[in-house]
2 protein chains.
Amino acid sequence: MTDTAPRPTLEAVAARAGVSRATVSRVVNGGDGVRDILVERVRKAVEELGYVPNQAARSLVTRRHDAIAVVVAEPETRVFADPFFAHQLRGISKELTAHDNQLVLLLTEGRDDHARVGRYLAGGHVDGALVFSLHLDDPLPELIQRAGVPTVFGGRPGWSGERRGVVYVDSDNRGGARDAVRHLAGLGRTRIAHITGALDQTSAVDRLDGYRDVMVDADPRLIAEADFTPAGGERAMRELLDRCPDVDAVFAANDLTASGALRVLREAGRRVPDDVALIGFDDMLPVAEQTDPPLTTVRQDIEEMGRLMARLLLRGLDRGTPREGVGGTPSSVVLPTTLVRRASA
Amino acid sequence: MTDTAPRPTLEAVAARAGVSRATVSRVVNGGDGVRDILVERVRKAVEELGYVPNQAARSLVTRRHDAIAVVVAEPETRVFADPFFAHQLRGISKELTAHDNQLVLLLTEGRDDHARVGRYLAGGHVDGALVFSLHLDDPLPELIQRAGVPTVFGGRPGWSGERRGVVYVDSDNRGGARDAVRHLAGLGRTRIAHITGALDQTSAVDRLDGYRDVMVDADPRLIAEADFTPAGGERAMRELLDRCPDVDAVFAANDLTASGALRVLREAGRRVPDDVALIGFDDMLPVAEQTDPPLTTVRQDIEEMGRLMARLLLRGLDRGTPREGVGGTPSSVVLPTTLVRRASA
DNA sequence: GGTCAGCGGGAGAGCGCTCTCACCACACTT
DNA sequence: AAGTGTGGTGAGAGCGCTCTCCCGCTGACC
């Protein structure tokens, strides 16, 4: 736990290089319009002194921070403990790093904490925000919009799919669900059930919609509501077996739910996939690969989602790589999903 | 993607309240030594104007940032995708938030990235760092020490357990391992095997040491090396069955490894726990609870580890809650583990 | 040779805040 | 009545940087 040593300033570098502060500043910020001889001299001085610009002083005048907040509004541990989040974070980090931006992580601790986050964002400490808010009734998106911070959402915010130029990145939950159900149908299954996710989240709603797209006039008893947890999957599967003993396929809203359903199916003596085919969603590896049989599931490129969110935000801030787009307001993106065939269907 | 509005300054608040900048500053920073009447007037002005201090300007003079970097040096996705990390982060976040510090997340992207992180930390952008570095040969801890940033490590850094006042928070891997093995012994098992973790990580070494503490003169063939993955667990378990068919218990270095071992045991027709008792480590819920049978394992309070790391760092920075300790240099902490009994042993 | 772009470089004014220091009023001592 | 505190307040000097002027030099053109 040593203390920080006094650090050289622009002034010091200028003195050593025999130029003015302004020139050093020019060199440090790209060096345009400075003679090569001087550029060289300044670079050398910077090197020798180990000069690093003071970001606070710089921000004070530029009003830029080169920092982006990542807000995770997840009261429950469930989603947070998901590898999902970690991968997204990694994607975000990669993109931000590539553009020399820092990542400030803001986790909300319970309901009352939104105000704190709102205050922070409104405080102008960061140039923009990447927000994960999965619940339909979450007040955070509103709050952030009002704070006037450029924002990109992770996952479609429930309250306002399209209004007021909200930008989000989501994966094609609906399309992925359609693929899954079509795959089951392609296997010759006719009594295809769906175990939903927590329906206060857009991803769950979209997956249900995808199921309905294919099963146009499905028996409503083939739909059982759950909450993305294994326990919920168990409960829902019992209901389904009870209501429709002739069920021959199940599309579960995520892999965790599928793992619960799988356990109940095994208990009930149904063979998977012979008697009942089963498909999950997410391709959450520690679960999907470890079940017996391994889970057929729908994969989304999580890391790419994160990367894209950051890229969109940076572009909106006019910091993106120029070639990537025309600048201006970026629009939302929905990423494709792919069906991963394993043994369960 | 709206742009930020111009924000009121101290000056503006001062004008409105009819006092000087200095007085407003005093009020904003605690209000000591200012008459109540003025405090009230200033508070009102702050409120009405929606004043939020400019952190950059503040840092410029105080040389404090109220920001802590969390460095995750994990080239592999394995540990990163672990819920482990998310929980630790949550603990850290809670503690930092309670003390009004921001969390700047730094993920290294591959080997060459250490320099970037080192530069950032040396750049004095943050007041301290919380570093997760699990590998014995990781150059990062050295780099950080040299950068002179107050640091607390997550997990015992391999290179120098005790030298130079390195502060870390770890869980009692060795003690937990001992408990696990003793539990197996208490079940009357005598041929107790150990599947190690990746031995370039201190946690794996410590768990192995704990095993050896109990199995003082264990048959060396009862130790199989793996790498914390399910695949590694499978491989190691096959070796063990091959070398020591009479094995009647296995202590696996973590739950993932245990899940792999479990699969091999089942394939081999060994009943768990009847023929072979099995214990994991970590209590990684999506795995430990979902296996069949559910895993007996060693739990560590991950969130508390994170919270403690942050608390230690803040205390070293003289920012902790005063009552918590005498200040001064904090020392490392090793947190206890608890054995969670489920069905596998 | 004189004029005028054009461009490289320096001077200096802040950005918004904290913090020291001087000041003032009032109370109290002697 | 003058001296000595004392506690509250304001003035002003920076913190380290960027950025706008503006100046001086060079070279082209008349």
Side-chain angles (χ1 to χ4, degrees), chain A residues 3-43 45-46 49-67 100 122-127 319, chain B residues 4-43 45-46 49-67 100 122-127 318-319:
Chain A
D3 261 323
T4 326
R7 9 191 53 272
T9 73
L10 252 203
E11 190 78 51
V13 178
R16 183 173 194 108
V19 297
S20 72
R21 265 189 352 260
T23 299
V24 178
S25 177
R26 287 186 189 103
V27 172
V28 170
N29 294 290
D32 296 334
V34 180
R35 274 179 306 162
D36 292 355
I37 312 93
L38 289 193
V39 171
E40 205 41 56
R41 241 161 63 203
V42 171
R43 290 254 163 80
V46 165
L49 260 35
Y51 170 75
V52 183
N54 180 321
Q55 183 60 39
R58 187 178 266 177
S59 294
L60 188 56
V61 26
T62 59
R63 274 101 207 298
R64 278 182 48 159
H65 301 86
D66 293 310
D100 270 317
H125 304 291
V126 291
D127 301 328
R319 313 240 178 108
Chain B
T4 327
R7 8 191 51 273
T9 71
L10 253 203
E11 191 79 51
V13 177
R16 183 171 194 108
V19 297
S20 72
R21 266 191 349 262
T23 298
V24 178
S25 177
R26 285 185 192 103
V27 172
V28 169
N29 294 292
D32 297 333
V34 179
R35 273 181 307 162
D36 293 356
I37 312 94
L38 290 192
V39 172
E40 205 41 57
R41 240 157 68 199
V42 171
R43 290 254 162 81
V46 165
L49 260 35
Y51 169 76
V52 183
N54 180 319
Q55 184 60 40
R58 188 178 264 179
S59 295
L60 189 55
V61 27
T62 59
R63 275 102 208 297
R64 279 183 46 162
H65 302 85
D66 292 309
D100 269 316
H125 303 293
V126 290
D127 300 328
D318 286 323
R319 313 238 177 112

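The figures that follow rest on heavy atoms only: side chains count, while hydrogens, waters and symmetry mates do not. Every chain is numbered from 1, with letters handed out A, B, ... down the list of sequences.
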Euclidean distance, atom [atom1] of residue [X] to atom [atom2] of [N] [Å, nearest integer]:
X        : N      : atom1 : atom2 : answer
B/Gln55  : C/dT18 : CD    : P     : 9 Å
A/Asn29  : C/dG8  : CG    : P     : 17 Å
B/Arg7   : C/dC15 : CZ    : P     : 16 Å
A/His125 : C/dG16 : NE2   : P     : 14 Å
B/Tyr51  : C/dG16 : OH    : C1'   : 7 Å
A/His65  : C/dC15 : NE2   : P     : 16 Å
B/Arg64  : C/dG16 : CZ    : P     : 22 Å
B/Leu60  : D/dT18 : CG    : C1'   : 12 Å

Side-chain N,O ([X]) to OP1/OP2 ([N]) below 4.0 Å:
X       : N      : answer
B/Asn54 : C/dC15 : no
A/Arg35 : C/dG8  : no
A/Arg63 : D/dT18 : no

Nearest non-hydrogen partners of B/Asp66 and B/Asp100, listed with the distance: CB-O, 3.8 Å
Only pairs under 3.5 Å count here: list side-chain donor-acceptor contacts from residues 49-56 of chain A, not counting sequence neighbours, and write none if there are none.
| residue | atom | partner | partner atom | Å |
| --- | --- | --- | --- | --- |
| A/Asn54 | OD1 | A/Ala56 | N | 2.8 |
| A/Asn54 | OD1 | A/Ala57 | N | 3.0 |
| A/Gln55 | NE2 | A/Ser59 | OG | 3.2 |

Within residues 9-20 of chain B: residues closer than 4.0 Å to DNA chain C (heavy atoms):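 Listed by number, they are B/Thr9, B/Leu10.
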Pairwise salt bridge (charged side-chain N to carboxylate O under 4.0 Å, His left out) hits with a residue in residues 28-43 of chain B, at least two apart: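 Residue pairs passing salt bridge (charged side-chain N to carboxylate O under 4.0 Å, His left out), neighbours aside: none found.
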Heavy-atom protein contacts under 4.0 Å, nucleotides 19-25 of chain D, coded B base, S sugar-phosphate only, - none: BB-----
Of B/Ala57 and B/Val34, the one whose closest DNA chain D nucleotide lies more 5':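 The residue closer to the strand's 5' end, by nearest nucleotide, is B/Val34.
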Check the interface with nucleotides 5-7 of chain D: list each N/O to N/O pair with the protein under 3.5 Å, or write none.
none

Donor-acceptor pair, side chain of A/His125 and main chain of A/His65, under 3.5 angstrom: no
By side-chain contact (heavy atoms from CB on, under 4.5 Å) - contacts of A/Arg63 (at least two apart):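 Listed in chain order: nothing, the list is empty.
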Between the first and last five pairs of the helix from C/dG1-D/dC30 to C/dT30-D/dA1, the angle of the axes, rounded to 10 degrees: 60°
Pair up each side-chain donor or acceptor in residues 8-21 of chain B with any protein partner under 3.5 Å, not counting sequence neighbours, and list the distances.
| residue | atom | partner | partner atom | Å |
| --- | --- | --- | --- | --- |
| B/Thr9 | OG1 | B/Glu11 | N | 3.2 |
| B/Thr9 | OG1 | B/Ala12 | N | 3.4 |
| B/Arg16 | NE | B/Glu48 | OE1 | 2.5 |
| B/Arg16 | NH2 | B/Glu48 | OE1 | 2.9 |
| B/Ser20 | OG | B/Ala22 | N | 3.4 |
| B/Ser20 | OG | B/Thr23 | N | 3.4 |
| B/Ser20 | OG | B/Thr23 | OG1 | 3.4 |

Side chains of B/Arg58 and B/Asn29 in contact at under 4.5 Å (non-hydrogen atoms):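 Side-chain contact under 4.5 Å: yes.
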